[in-house]
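Working notes, structure below.
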Amino acid sequence: MMGFEHIDATNIAEVGGKGAHLGELSRIDGVRVPDGFCVTTDAFERVVAGAPSIDAQLDLLARVNPDDREAIRTLSADVRRAVEGVAVPDDLVAAISGALARFGERTSYAVRSSATAEDLPTASFAGQQDSYLNVVGVEAVVRHVRSCWASLFTERAVTYRCRNGFDHRKVRMAVVVQQMVFPDAAGILFTADPVTSNRRVATVEAGWGLGEALVSGLVAGDVYTVRDDQVVTAEVATKTRFVQASPGGGTREAPTDPGRQAQPALTEAQVVRLVRLGRRVEEHFGRPQDIEWCLAGDDFHIVQSRPITTLFPLPATDDQENHLYVSVGHQQMMTDAMKPLGLSLWCLTTPRSMHEAGGRLFVDVAPLLARPSGRANLIEGLGRSDPLIRDALQSVVDRGDFLPSLPDDDSGAAPAGDSPAPIEADPAIVAQLIRNNEESVATLRGKIRSLSGPALLDFILDDIAELKRVLFDPRSHQVIMAGFDAAWWLNDRLEAWLGEKNAADTLTQSVPHNVTSEMGLALLDVADTIRPHADVVAFLHRVVDEGREGDAFLGELPGLAGGQEAHDAIRTYLDEYGMRCAGEIDITRTRWSENPAMLVRTILGNIKNFEPGAGERRFEQGRQEAQRKEQELLARLRALPHGEQKAEETKRMIDRVRTFTGYREYPKYGMIRRYFAYKQALLQEADRLVASGVLRENDDIFFLRFEELQDVVRTNKVDAELVLERRAAFRSYEPLTPPRVFTSDGEVITGRYRSEDAPPGALVGLPVSAGSVEGRARVVMDMARADLEEGDILVTAFTDPSWTPLFVTVAGLVTEVGGLMTHGAVIAREYGLPAVVGVEQATRLIRDGQRIRVHGTDGYVEILD
């Protein structure tokens, strides 16, 4: 047993998360916590060890698939029954009886589960185990302690642990035994707004009687929001029922007296006092809290406090200024969490100052938006990559309550977002830029092979300067912007002159020099090589069916009829494109060359869905369609007043867009090739560090920042605990959804699309590739697991260049993230796929297999069944 007075945050292993929090709460001045004690995890382990059958059942549970609900239901029920059947040792019963004696014989208790993986900063496990209220007498307390132990294996708790990566054997159960409070009112206090995530706004929910009425959803409670000691909103609910203690133990529902149903459970003064109490608790724990409270008489009792785990973390700052953060990931089509090495290398690559939070990168745009000059250009520039960002930023500007008003500086610098002077369509410019990039990468590869130790890290740091020189070459930027400016000009003018919406989408099909679209077509050529060889096709199907990973299957191919040709075709493809992968801006992500098995399902899909020569035909069909569209538009223009002049201007812009648009994909391709060269060399260095005992595993380097890795290589010493902490932090960041825009108060600012053309019930987004198509929705979150047929519509969270091989199969595209300038939009236009991006929660609102219609011209998606 451990009394609350002996418990603090260091005792989680003995008393679990809930018990440790109650011990900490009882130490805060001015916070009333009902007294009690904890039956420690040692008691749980002792009892479980006395039942050998439980050990075998845990073995089975450890191997279960998190998605196999029936198996989890059956196995967890077996474990629970085994735990509930264990006899509680006499000495433990005596210890519980002795602890209860000091409170008096007729005292009522709350008996509550407290697991060691509960109420943690990274996973709350709220509601996953059981609690019991108004328990009276030693026998009843002991019985409910055993029930709490068993609740460690409820179906919901087991599923939660499976999905959050917790080992069932390593999670232990303590039990809190706490004096009951019989409140007049009770409820929940969130010290940060759970809807907007604003840390300065607290939310209080309140109802009559015990708080279980609110938690269980029996009634809706009163809801108050408080900011700066002021009640901002108050919504008083009609509370028809409440939960109260039963005379014989336990609880019961009861109807609320009619006269009290519409009365507020708290006065506004009490609400403000409760929030002040919550701020004291929040300050003690150092992060926003989800607090359970009771009001008895005029005294507030805190019966639990846990961290709010759903809030996206804030970037660390050392000032009290207002900051407005814009997501880098939404512009780069990479909203997944990144590991520290990937984050730090990307920060070294980009010229902007970056802020990190939740494994993602953000830019603080508050200083730029605070100055009138450049504000419109900044909002418009970011809006072109993601219009929801534009809408969110504009809403903050319009509010006028967050951003400071700063005078324009007199530096004479051009406002952010200004485009360079236009250039004419000279293909030699693009060819020269590509040649320069190729030569620079070849030089890097030649030099990096022979380097190791500190010299390798120093070389990479120096080469990043060369990468930035190539990546941000003003001529390169001018070419990219010339292509986009021409496309915008064509769309604006041709809609005004001819009523033709998004004409540039067709005109940019099959443009030259687009390394990303060429990559998708090249995989069709690989399929052409493999298709005639039945043994190879059958073998590749087995690779998929067996879930094989890595490149070992390539070594088995030459032993099959036609296998050498297949092997060479795949290897040739990997030599050209194998440095790519989903989320490729993170150097730590697994590349196709490292795991070619990721491509096998797509290759098999190409074999199934296409005839030989499809790659060349697709490109030629797109080129001819663009040519036909050009001739049609020019003919229609010539029939207008001043038609010859309009046709001449339009022709010049068409030439410019076709000459320059394809190059837009090349700088990133060159960057990713450099990243892969760095990664290969760094992993060789990691192998040396593992062999010398410095690192445990070679991927430990992924959890070190680049400068930290430099120190490790130089000193042959590593902070192993730091690596473990970073691994745990990364796991906690992975399930988080990063906001597009949020403030330093934590408030998530959301934008929205407005489409007057969308019918009721349609999902609205941004039109990025014209046309309309109807087909079967395939909701795909992992490219390597995509099983597509020709005519399917791809629905996913976001796409980057690595998804391009799937574009040759599908008939349309819907994503949750994206803008006009992002890779998915560019490739969709080149392939002639109707596409709508920025459709919020598309992967949740559209079910796999549903029939949908994508309106790529007007920007909405209809669900047809």
Partner set under ring-ring contact (aromatic ring centres under 6.0 Å, His included) for Phe539, not counting sequence neighbours: none
Residue pair Ser517 / Glu830, side-chain donor-acceptor N/O under 3.5 Å: yes
Aromatic ring proximity, centroids under 6.0 angstrom, His855 and Tyr860: yes
Flag side-chain contact, heavy atom, 4.5 Å: Arg776 against Ile793: no
Arg785 atom CZ: more than 12 heavy-atom contacts under 6.0 Å: no
Pair Gln432-Arg435, side-chain donor/acceptor within less than 3.5 Å: yes
N-O pairing of Glu632 and Arg636 below 4.0 Å: yes
Shortest non-hydrogen contact from Ile672 toward Met579: CG2-O, 3.3 Å
Distance-only polar pair, side chains of Gln564 and Asp568, donor-acceptor under 3.5 Å: yes
Sequence neighbours left out, cut at 3.5 Å: what donor-acceptor pairs do the side chains of residues 800-820 make with other protein atoms?
| unit_1 | atom_1 | unit_2 | atom_2 | d |
| --- | --- | --- | --- | --- |
| Asp800 | OD1 | Ser802 | N | 3.1 |
| Asp800 | OD1 | Ser802 | OG | 2.6 |
| Asp800 | OD2 | Gly583 | N | 2.6 |
| Ser802 | OG | Cys581 | O | 3.4 |
| Ser802 | OG | Ala582 | N | 3.1 |
| Thr804 | OG1 | Pro801 | O | 2.8 |
| Thr815 | OG1 | Val817 | O | 2.7 |
| Glu816 | OE2 | Ala842 | N | 3.1 |
| Glu816 | OE2 | Thr843 | N | 2.9 |
| Glu816 | OE2 | Thr843 | OG1 | 2.6 |

Candidate pair Lys501 and Asp858, rule salt bridge (charged side-chain N to carboxylate O under 4.0 Å, His left out), full reasoning: CA-CA 9 Å; Lys501 275 190 174 182; Asp858 297 312; 2.6 Å; yes
Summary of salt bridge (charged side-chain N to carboxylate O under 4.0 Å, His left out) pairs that have at least one residue in residues 508-536, sequence neighbours excluded: Asp528-Arg531
Nearest non-hydrogen partners of Arg853 and Leu864, listed with the distance: NH1-CD2, 3.7 Å
Salt bridge Arg851-Glu862, side-chain N to carboxylate O under 4.0 Å: no
For Glu466 against Ser440, the heavy-atom pair lying closest together: OE2-OG, 2.8 Å
Pair Glu620-Arg623, salt bridge (charged side-chain N to carboxylate O under 4.0 Å, His left out): steps then yes or no: CA-CA 5 Å; Glu620 182 58 24; Arg623 191 189 67 79; 2.5 Å; yes
Exercise: do Tyr669 and Glu584 side chains pair donor with acceptor under 3.5 Å: no
Minimum-distance pair of heavy atoms, taken over all atoms of Val657 and Thr661: O-OG1, 2.5 Å
Pair Arg589 + Asp336: basic N to acidic O under 4.0 Å: yes
Spatial distance of atom CD1 (Ile607) from atom OG1 (Thr602) [nearest 0.5 Å]: 11.0 Å
Minimum-distance pair of heavy atoms, taken over all atoms of Arg752 and Asp391: N-OD2, 3.0 Å
Residue pair Asp463 / Tyr678, side-chain donor-acceptor N/O under 3.5 Å: yes
Row check, Phe484 ring normal vs Arg664 NZ/CZ: under 6.0 Å, within 45°: no
Donor-acceptor side-chain pairing of Asn514 and Glu665 below 3.5 angstrom: no
From CA spacing to verdict: salt bridge (charged side-chain N to carboxylate O under 4.0 Å, His left out), Glu840, Arg740: CA-CA 11 Å; Glu840 296 233 69; Arg740 283 177 167 84; 3.5 Å; yes
Residues that Tyr577 engages under ring-ring contact (aromatic ring centres under 6.0 Å, His included), provided they are two or more places apart: Tyr573
Stepwise salt bridge (charged side-chain N to carboxylate O under 4.0 Å, His left out) test for Glu789 and Lys608: CA-CA 8 Å; Glu789 295 183 2; Lys608 173 185 175 183; 3.1 Å; yes
Straight-line distance of Asn606 CG to Ile530 CD1, nearest 0.5 Å: 9.5 Å
Ring-ring centroid check Phe660 Tyr663, cutoff 6.0 Å: no
For the student: nearest non-hydrogen atoms of Pro387 and Leu766, plus distance: CG-CD2, 3.3 Å
Separation between CD of Glu625 and CD of Glu630, rounded to the nearest 0.5 Å: 13.5 Å
Results of side-chain hydrogen bond (donor to acceptor under 3.5 Å, both in side chains) for Lys629 - residues two or more places apart only: Glu500
Interatomic spacing from CD in Glu616 to CG in Leu521 - rounded to 0.5 Å: 10.5 Å
Set of side-chain hydrogen bond (donor to acceptor under 3.5 Å, both in side chains) partners for Asp655, sequence neighbours left out: Lys651
